[in-house]
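Heavy atoms only: backbone and side chains are in, while hydrogens, waters and symmetry mates are out. Note on naming: letters A, B, ... go to the chains in the order of the sequence lines (proteins, then strands), and numbering restarts at 1 for each one.
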Amino acid sequence: MPRTTTVESPGCPPFRALTFDVLGLVKVVEARGKQGGVPKVVERWGEPESRNCVLAACIDDRKRDPMLAVARKCGKIELLNPLNGDTRVVISDASDTKPEDDPVIGLHLFRRERTEERSRSCTLLSCTTKGNAVMRSFEVMDSPEDSVSNSTTNKWNVCAAGSVLCCKVDGSENYAMVGGKGVELNIWDLDKCSKMWTAKSPLKNNLGIFTPTWFTSATFLCKEDHRKVVAGTNSHQVRLYDISAQRRPVLSFDFRETPIKAVTEDIDGYTVYVGNGSGDLASFDMRTGKLLGCFLGKCSGSIRYISRHPDFPVIASCGLDSYLRLWDVKSRQLLSAVFLKQHLNSVLFDPGFADEEPVQHTRDMPENEAQRQRVDEAQFVDEEGTLPVKRKKKKKTHKEGRDHKTPAKENNGIDKLNRKKKIKKAKTLAGNDNAL
Amino acid sequence: MGWKRKNDDVDGEDGFGGGGGGDKEKAAAAAASSASAETKEKREILPSTIKNKERRSAVHAKLKQQKTLEKRKKLKARDAAEKRALELGEEPPPKSIPRTIENTREFDETVCRPDDEEVPLSTFATSADDYLRDLFAGNDCDEFSSVLKREHTPKILITTCRFNSTRGPAFISELLEVIPNSQYYKRGTYDLKKIVEYANHKEFTSVVVVHTNRREPDALLIIGLPDGPTAHFKLSKLVLRKDIKNHGNPTGHEPELVLTNFTTRLGHRIGRLIQSLFPQEPNFRGRRVVTFHNQRDFIFFRHHRYIFDSKESKHTDSKDKKTKNDKGEKVTQEKVIARLQECGPRFTLKLVSLQHGTFDTKGGEYEWVHKPEMDTSRRRFFL
């Protein structure tokens with residue numbers, strides 16, 4: 001009989017992801033439902049045109065007025081509303097060079113306000129292949145015509161020769177990292193726009209062969225620390241640099257045969273996800289440099305971008321095989337694959353989306369206000385430390401019961417009160433169980 | 001196992017009966033009952049589980065004969081039903097479609113359908129080419145569109161691997177006849193990247209590299225220029241023109257191109273890559289067809305000449321005509337018959353990898369690579 005293999009999708013946690021493709025389309029993929037949501041394309045923004053090819057994208061997920069920055073091939077940088085796709089601001093470079101010759105390679109939208117005086121201003125860092133880094137800040141108005149780029153643009157050049165291929169900003173948003181073909185890994189202080197640190201290329205190997213510098217992707221290892229940097233090279237090497245230690249890599253190892261195309265850090269601060277040019281995806285522990293495991297799922301095209309979900313243990317990868325794939329981090333299983341028809345350049349999770357579910361959850365629960373508060377407290381307790389706390393509570397109630405048994409004969413009024421308390425406690429316990 | 005045990009029992013009983021000579025009735029009854037049980041169980045038990053060879057082959061032969069008889073009966077019944085339906089003037093029973101690997105292929109969501117939502121089919125395409133072009137927005141702006149929209153005429157550079165002998169040059173000389181506007185360049189000791197650079201300078205639109213191993217062409221590399229993809233094919237079953245019986249010699253006209261069964265996105269991309277090798281205006285006077293037929297991910301290449309022969313139909317027919325037509329002495333009904341003559345090489349291609357950008361083995365990004373983990377089903381096809 002025909003053996004048909006279907007993708008066994010255990011289902012995804014609820015998420016909302018934005019994918020950006022070669023034709024400049026932005027597609028919104030959503031999965032709903034607590035267990036086993038099937039991700040679907042919900043919306044599509046933009047018209048297919050190769051000139052609009054998205055090169056880099058960045059999302060700023062603040063509660064009020066979220067922003068999505070998209071750099072296109074034609075030299076435009078657009079700021080969109082990630083909720084409905086409305087264009088807020090369009091910035092076009094008025095430089096003398098053709099935008100096709102000098103495409104934007106890195107884009108970062110600052111989450112914290114760099115200029116504190118106005119609440120609706122945005123700051124954007126963009127870096128092009130030739131090393132022109134520009135920091136712009138501008139005000140966002142309701143219509144795209146009104147919003148004006150302030151004069152506080154800050155331009156500098158990050159490299160003299162070679163081409164920049166990766167550019168990242170760390171979690172504190174004070175430092176940026178730049179690397180590329182013929183460009184050693186640099187770390188820049190964004191406040192002063194000065195170079196802080198430069199890597200040194202590794203020594204010749206035992207055969208006396210020197211591999212030329214060619215960084216293809218890089219990331220900061222953890223959010224708080226800007227000193228540890230993981231970089232992937234064209235010669236399929238993954239390297240860990242420690243700024244505080246030395247200029248040569250602290251750790252380096254090989255991964256398969258094709259160039260590393262995507263490196264993304266986990267939130268735990270030591271795991272790194274690595275994707276390469278022939279569609280292999282793996283996770284590494286950067287403390288030891290050991291391979292934790294590969295993500296197997298018949299992925300046949302180069303992986304261009306990996307992104308980690310901020311809350312759930314899920315990563316999304318996308319690339320030239322035009323599938324958006326969602327993986328479980330722990331079991332490394334393919335959760336789901338969505339076919340999106342074009343070559344994808346990047347994928348971003350919308351962290352604001354997850355808010356919906358728990359809010360509904362609490363709303364559904366009790367009628368009585370006091371009870372609700374208790375339930376909330378109980379939930380809180382549960383989250384903190386599950387079993388021991390509960391046990392203590394039970395013991396306490398028992399003790400109280402015993403204590404009150406003897407004086408119960410003497411005083412009826414107190415007994416009544418205690419009974420009430422007991423009932424309440426029972427209620428809270430019941431609520432507790434419900435919450436569980 | 002149960003059967004075997006019974007068999008043993010029977011043997012034992014037979015031996016006992018033969019030795020003792022008494023209780024014949026009982027033995028016969030036992031044998032009869034065991035025989036009936038055997039026939040019942042024989043159908044259930046696989047002959048391969050029988051250990052005695054003679055017995056096994058006998059059972060197997062019997063089973064096989066039964067099967068053939070059943071099959072014959074079934075066929076007869078079907079034919080009879082069809083005949084009856086014809087006589088009664090009813091609709092004949094629907095012909096059952098045999099199940100093949102292709103038509104039970106695994107569901108593939110990348111198969112391109114005309115109702116693809118990525119492209120609104122508001123404008124009705126006139127020709128097949130236009131239709132294909134309209135099918136996907138992605139096609140409109142891929143690397144081949146400038147050639148396929150006839151903005152550039154295709155110009156092909158054909159070269160070989162470093163060592164090239166016997167069948168290699170012969171194959172190339174035939175390839176040069178198949179692909180119009182193609183030029184052969186000696187490989188020499190140049191790097192392929194240098195050759196690609198050179199071809200870019202000279203405004204070639206594609207580079208074809210024939211790789212030979214042990215004096216036998218075994219791989220084909222098609223590189224789209226200036227930044228098109230690189231497809232790496234395995235080449236097998238090469239038959240050159242002189243080895244084909246009754247082969248014809250192709251003319252210099254632009255051939256017609258037939259691409260069949262390229263259904264998925266990857267298939268379309270490969271199809272377009274192949275399409276961009278040939279000029280987009282076929283010269284129909286030449287009556288030359290080049291076919292790339294995809295079946296189960298193997299791409300079969302054939303090269304034919306065709307001719308429409310007008311044959312005079314049989315005399316009896318014309319006689320009938322004569323009776324009907326008053327003037328019809330000279331009227332002879334003409335029947336048009338298409339005849340094919342194969343020419344040029346015959347070979348089979350299988351896609352190994354499709355690389356993004358031009359040839360770059362070290363730093364290349366792959367759009368598709370064949371991986372062993374994909375081969376877990378016979379019914380999964382990628383083109």
Q: List the atom of B/Gly363, the atom of A/Asn234, and the distance in Å for their closest heavy-atom pair.
A: CA-OD1, 3.6 Å
Q: Evaluate whether atom CD of B/Gln295 has more than 12 neighbouring non-hydrogen atoms of other residues, nucleotides or ligands under 6.0 angstrom away.
A: yes
Q: If you count heavy atoms of other groups shown closer than 6.0 angstrom to CZ of A/Phe339, is the number above 12?
A: yes
Q: Can you tell me if A/Glu47 has over 12 outside heavy atoms packed within less than 6.0 Å of its CD?
A: no
Q: Who wins among A/Gly279, A/Ser302, A/Gly301, A/Ser322 for the most heavy-atom pairs under 4.5 Å with chain B?
A: A/Ser302
Q: Within a radius of less than 6.0 Å around NZ of B/Lys350, do more than 12 heavy atoms belonging to other residues, nucleotides or ligands occur?
A: yes
Q: Taking every heavy-atom pair that is under 4.5 Å apart, which of B/His370, B/His356, B/Gln355 has the most such pairs with chain A?
A: B/His356
Q: Please indicate whether A/Ile209 has more than 12 foreign heavy atoms, meaning atoms of other residues, nucleotides or ligands, lying under 6.0 Å from its CD1.
A: yes
Q: Between B/Glu109, B/Met374, B/Glu373, which has the largest tally of heavy atom pairs under 4.5 Å with chain A?
A: B/Glu109
Q: Under 4.5 Å from any heavy atom of chain B, what part of A/His236 do you find: side chain, backbone, both or neither?
A: neither
Q: Using heavy-atom distances under 4.5 Å, tell me whether A/Arg51 contacts chain B through its side chain, its backbone, both, or neither.
A: neither
Q: Nearest 0.5 angstrom please: B/Tyr366 OH to A/Asn276 CG, how far?
A: 10.5 Å
Q: Would you find more than 12 non-hydrogen atoms of other residues, nucleotides or ligands less than 6.0 Å from B/Tyr190 atom OH?
A: no
Q: Taking everything shown except B/Lys155 itself, do over 12 heavy atoms lie less than 6.0 Å from its NZ?
A: yes
Q: How far apart are the closest heavy atoms of A/Pro259 and B/Lys362, and which atoms are they?
A: CD-O, 3.1 Å
Q: Looking at A/Cys299, is its backbone amide N or carbonyl O close enough to the side chain of B/Lys371 to form a donor-acceptor pair, meaning the two atoms are under 3.5 Å apart?
A: yes
Q: For the interface with chain B, which of A/Ser300, A/Gly319, A/Gly277 has the highest count of heavy-atom pairs at distances below 4.5 Å?
A: A/Ser300
